[in-house]
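Whatever order the structure lists ligands and atoms in, that order sets their numbers, starting from 1. Residue numbers start at 1 and run along the sequence shown.
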Amino acid sequence: MDEKKLAHLALKAQSRAYAPYSHFQVGAALACADGRIYTGANIENGAFSPSCCAERTAFYQAVLDGQRSFAAIAIAGGPGGSAPAFCAPCGVCRQVMREFCGENFVILLARQDGMIRRFTLAQLLPESFTLTEAAPDHPSSF
Ligand code: THU
């Protein structure tokens, strides 16, 4: 998986955001284990709480497409589609990543000047909760 390419795709995906309220455009590029890449951008809503982050729009598109195994996600965000600073994923998105990814899942934060910060999910969401691990004897419905 080419991390520079993934970062570039996240920066590019910012232009797809629907962010008329915050004007903070976030882009994400999610690399699946099979090499396919899904991009996402934040989609806001006038009622605010239905808004969805870039990371989740990418994940949900991929999951709906049958993907279940993921290698890495790149994220870029900033006002008006710029990315002058690193944009870390919110807590809700970190938990969504944990639903589908293990602790070695790679999270890349991309800046418009080409700088990239690299984390694992274990670093950004330590001691995380998953229902499958917390309730291993639960009926096999999940
Ligand atoms: N946002 C994301 O898309 N991803 C994050 O991880 C943090 C925040 C979006 C949500 C909202 O549309 C805008 O950025 C400002 O919070």
Pro89 heavy atoms within 4.0 Å reach ligand 1 at atoms 6 (O)
Scan side-chain atoms only and decide if Tyr38 and Asp65 contain a donor-acceptor pair under the 3.5 Å cut-off. yes
CA sep, side-chain torsions, deciding dist, call: Phe70, Phe59, ring pair (Phe, Tyr, Trp, His ring centres under 6.0 Å): CA-CA 9 Å; Phe70 303 96; Phe59 260 95; 5.0 Å; yes
Ranked by distance from atom 8 (C) of ligand 1, the top protein heavy atom is Cys53 SG, 4.0 Å
Taking it one step at a time, do Asp2 and Lys4 satisfy salt bridge (charged side-chain N to carboxylate O under 4.0 Å, His left out)? CA-CA 6 Å; Asp2 182 340; Lys4 280 195 179 140; over 6 Å; no
Given the protein's heavy atoms, is any one of them under 4.0 Å from atom 4 (N) of ligand 1? yes
I'd like to know whether the aromatic ring centres of Phe105 and Phe100 sit less than 6.0 Å apart in this structure. no
Looking at residues at least two apart in the chain, or sitting in another chain, which of them share a side-chain contact (heavy atoms from CB on, under 4.5 Å) with Glu103? Ala122
Which atoms of ligand 1 have any heavy atom of Ser22 under 4.0 Å away? 13 (C), 15 (C)
Looking at Thr39, Leu108, Leu11, which hits side chain to side chain contact (heavy atoms under 4.5 Å, CB included) with Leu6? Leu108
Nearest non-hydrogen protein atom to atom 9 (C) of ligand 1, with distance, is Asn42 ND2, 3.6 Å
Give the single entry among Ala54, Cys90, Ala19 that approaches atom 7 (C) of ligand 1 most closely by any heavy atom. Cys90
Distance to 0.1 Å, residue and atom name: give those for the protein heavy atom nearest to atom 12 (O) of ligand 1. Glu44 OE2, 2.5 Å
In ligand 1, the atoms that come under 4.0 Å of a heavy atom of Glu55 are 2 (C), 3 (O), 4 (N), 5 (C), 6 (O)
Looking only at heavy atoms, is any part of Ala88 under 4.0 Å from ligand 1, and if so is it the side chain, the backbone, or both, or is it neither? backbone
Distance-only donor-acceptor check, side chains Glu44 and Ser22, under 3.5 Å: yes
